Structures are given as structure tokens and as C-alpha cells.
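Heads up, the thing below is written out as C-alpha cells.
Lettering of chains follows the sequences in order, A, B, ..., and the numbering in each one begins at 1. What you see is a predicted model; the values in this text were computed from it and never measured.
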Number of protein chains: 2
Amino acid sequence: MPHDSSQPGAKSRTLHLPASPMAGKLDVHIAFLPEDKAILDALQIRKRVFIKGSDITHEGQSPQSAYILRAGWACSYKLMRNGTRQVISFYVPGDLIGIRRLLLSSADDNLCAVTRVEVGEINVEDLIEAFDGNGRLAMSILWSTLKDEAILVQHLVDVGRRRPIDRVAHFFLELGSRLALLGLGTRCTYQCPLTQSLIADALGLTAVHFNRVLRQLRELKVMTFHEGWVRLLDCQRLERLADFDSSYLQ
Amino acid sequence: MPHDSSQPGAKSRTLHLPASPMAGKLDVHIAFLPEDKAILDALQIRKRVFIKGSDITHEGQSPQSAYILRAGWACSYKLMRNGTRQVISFYVPGDLIGIRRLLLSSADDNLCAVTRVEVGEINVEDLIEAFDGNGRLAMSILWSTLKDEAILVQHLVDVGRRRPIDRVAHFFLELGSRLALLGLGTRCTYQCPLTQSLIADALGLTAVHFNRVLRQLRELKVMTFHEGWVRLLDCQRLERLADFDSSYLQ
DNA sequence: CGAGCCCTTGAACGCCGTCAAACTCAGTGG
DNA sequence: CCACTGAGTTTGACGGCGTTCAAGGGCTCG
């Protein structure tokens, strides 16, 4: 991304994290004016850290905030009364999380840190205030939300209408593309700290069956997932299986 | 910008449809200033009508527009290569549709008129322009988008982790709540023009099995769906089945 | 009246969930 | 140093549920 360096204090409480991944993502679609970047950084009040496995909630001193994920992986999920779990989304660095909970205040899904996680906290009132003078910022946030929605749509299609093997293929292709866009690995080889049962709960499968599907894919020699490493050996065949087209990821 | 103006209006291109359902929905969350309402109405350039079964696309004179559904039902869906179909969302009057396609320009899902449909067309560039001076409008659109996302999340949970019978129960409860909010029927009795196979394609079931589930529900005397009428006979039991909580619909 | 769509029901197969057991590995504490 | 624990992964056996295939019903519309 062209523009950056440690922008000299736009507002008094700017955190000055070098190269905000979020700003980078927004850049892809809408060319930010320098002052928009400053605003976006200014919104990040303070850094918070969550340990692996902990819930990311809006408790403590900041009942009203969203987060930008700066490092680590997170996910949102819903617990069902019968004890099962549906994972809604996985989040990787640069993702904006918690906006829905925040503005709708009717969230029944939970946020959870999959690994140790660092986030930048954003205060709602600041965000709304910033919206008012800055249609471009509003547009960027809207755009980011719509992109999340596009991923959600693909996720729904996955769970609703793809065979388990195609579903798994699609999942790992999407993840690879997302990570590659961030420079965290390549489309075909990347680290993935998610457990099999977590992914299974995202894909509407049991952990047992997900494991069997992984074995199929391994035996077909198209991909492996072992000890936190994903290796897509035959991307073309995978993409044919999954009917995958990365354009929705930009 | 070719603005159609078969309509006289306060501002040159204001449509002045009495009581825009969309404005009504937005009202629920954010108190509009009078001028915001005017802006929202001004955005609706012209009315378009689509016949039952036709695709709602961005062709012809307006490659760049979203729609507000004013009358009738619509849906978005994705066709799979193997010939199956996943319905993503059903839309009822008041819903804002086509925003994702518009801003992301990478949509691989289609919009379709389930019944005869009347829409108000919104030009993107006008929308973006309106955003700039008006954070409140931007906030409203964002909020509307997030509410759609919340419905999508519930849909995902439905398909991923509920038994077919609970899934169907949840679907009809949600639909009833949405329609009741609009004054189109009550939560427990309403008209529904969707076909069984369309709903089945939304819920990740085959039409055959969906029909069997309907029979189960009928035999349990909790609900019926016949000749376009939905009757929820035992709402409490249905809500227990589906683990339904309408708070995400507002 | 025939064509086509939608709904309904039956029969049979097979996929995928459930249950169960065993293995690895990391962490903990005796 | 080793036993113990618990989480994660892997594999097998089995049964039920939902798909597929098929046929027949009612309905509207040309």
C-alpha cells in the first residue's frame, strides 16, 4: 500500500500501530484520503489482548465497542440448546468484528479467541460521530460489512447445497485466498490453527465425518491438513470440486 | 444521470410515495429528521415492475442501481453447477435489495421475482453522494444491512445445525414475525406465496422431504401450510421446537 | 383436452451421524 | 521420571434419516 509511515498524531489518542491491516483492506476498494486513514486509526482507542480460548465480550470498562483484529484468529458461533454449536465466521487479522452485536444489540452469537488475539478497540459513539462528517468512511465500513456478508452467503451455500467433500474443499480454498490477500501464506500452503471439530462445526458436519472427508481428500492427493498446516496439492482439481471462484473475496 | 420525472415533486426528482415502507423500517431504529426522509425518497428514481418469475437484473438503462421492494415477494439464490439451487434470502415489502451486488460487483447470486413485484430504483451514485453529507443516512443503510446479516446468520444456523423439523418451524416463525412487523398478517396466520420447493431450496432440503416434514407438523397439530396460507396453531410449541427468539428481527 | 407445475406418497438405497475405542501429545503434579 | 489427565485425531461398526427414483394426484392455462 502506498501511503503510510507513522502518521503524526491525528488525534490525541491515536494508537499509532504501524500499517493497520484494516486500512489496508479498505484501500483495496476505496481510495482513502490521508485524513480518512487518520480517522480510522484515531478510532482505535486501545489495544486489548485475549488469551487463547477466551470469550471476547463487551464487558468491563467498554460495554460499547467493536474491534479490529490485529493478530491471531477468532470466530463467532452460536450455541444450540441441544449442546451443538454452529460456527458462523472465522476471523483473521484485519477483520472488523463485533459491529453487528454492537449496532443491533440483539446478538445471540458469541465471539471467541481461537488463538491468542490482539485487537484494536473501537468506541461506537466515536464511530457514529466520525460517520457524520465523513461519507467516505461510512462507505468503507458499509463495504467491509457487505464483504463479510458475501462470505456468509458462500458459507450458507456451502452448508446448504454442497456435498461434504466439496464443502471442505471450498472452505480451505476460501481460507487460503483470504490469507494470501493478507500476505499470511500462499493460496496453497498456509498455517491454520483451527481444530477439526471447530471447522466441522462451521461446515455443519460432525468432527468424525469431517475427519473422514479429510482422509478422502488426502487419499485423492488433492490436499492435506496436518499439524496446523494446510497444503493444497492440486488447486485446480479442488476448485473444480468446490466450484470455487474467488471473486467474492476481491 | 437520466432521472425519470413523470412525477411532480418537491425536489425535482422526489417521488413522494406515501409512507415508504423502507423509511418505516428505518424509523424503528433511528429517528429520522424530516430532511433525511426526503433524501431517502429522493433516492428512489423511478418505479419498476417485474412479472412473476422474472429475473431482477441490472440491465437496460440502469446498470448501477439497487432497489427497495415496494410490493410483492422476491428472493436471491445461487445456482450450483450440478443443477441444484440454494436460496439465500426471501424479500418482502420494505426490504432493500441488491446493495451487495452493487457495491461488490462480484455477485454470483441472482435476484428473482417470486410474485409480481414493484420496486423503487435507487441509483448508486446518488446514494454515495447522499452519504457524504449525511452520516445518519449512512448509519441507517448500514443498520439495515446488518439486520439482513443477522437474518442470514440465523439462516446459516438453521441449515447447519437444526433438525429438519426444527428448521422448518424456525423458518415459518421468522417469516411470520417479519410479516407481522410490516402489518402483512399476524405472527401466526399469514399468506405466503412461496412454493414448497423454493422453501426447500432455502432450507437445504429436498422438496420431497420438506413435504414430509410439513406433514409431520400437520399431524402434530402445530402448523399447516396449504394453498398459500400459513397457520401456526401452536406457537409456543413451535418456538420450543425451533429455539426461536425474535429479538434479532427487532 | 393435454401440458406443465405443484403437491403428495411409497419404496429402497446409502450417506452420515452416533457410539465406542484407541492413539498421540502436551501439560501437570506426585 | 512417570502416571495421570484431557484435548484432539483417527478408525470401525451400525442404524436411521433423508435422498433418489418413481408414480399419481389436483390445479391452472393454453
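A salt bridge links A/R100 with A/D109: at least one charged nitrogen is closer than 4.0 Å to a carboxylate oxygen. We find that B/K147 and B/D95 are not joined by a salt bridge, their nearest charged nitrogen and carboxylate oxygen being 4.0 Å or further apart. One finds a salt bridge joining B/E239 and B/R187 here, because a Lys/Arg side-chain nitrogen approaches an Asp/Glu carboxylate oxygen to under 4.0 Å.
Contacts of B/G204 with the nucleic acid, taken as non-hydrogen atoms under 4.0 Å apart, involve only primed sugar atoms and P, OP1 or OP2. Using a 4.0 Å heavy-atom criterion, one finds that B/R215 contacts the sugar-phosphate atoms exclusively.
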* To do: Using a 4.0 Å heavy-atom cut-off, write out nucleotides 24-30 of chain D from 5' to 3' as B (base contacted by protein), S (sugar-phosphate only) or - (no contact).
  => -------
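Relative to the side chain of B/R212, the nucleotides D/dT9, D/dT19, C/dC7 differ in distance, and D/dT19 lies closest. Closest to the side chain of A/T195, from the set C/dC7, D/dT11, D/dG8, is D/dG8.
With rounding to whole Å, A/N211 atom CG is found 18 Å from D/dA7 atom P. To the nearest angstrom, P of D/dT11 lies 14 Å from CZ of A/F210.
Contact of A/R218 with D/dT9 (side chain to base): no donor-acceptor pair of N or O atoms is detected under 3.5 Å.
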* Between A/D108 and A/K78, does a salt bridge (charged side-chain N to carboxylate O under 4.0 Å, His left out) hold up when you go through it step by step? -> CA-CA 7 Å; A/D108 57 351; A/K78 179 173 160 60; 3.1 Å; yes
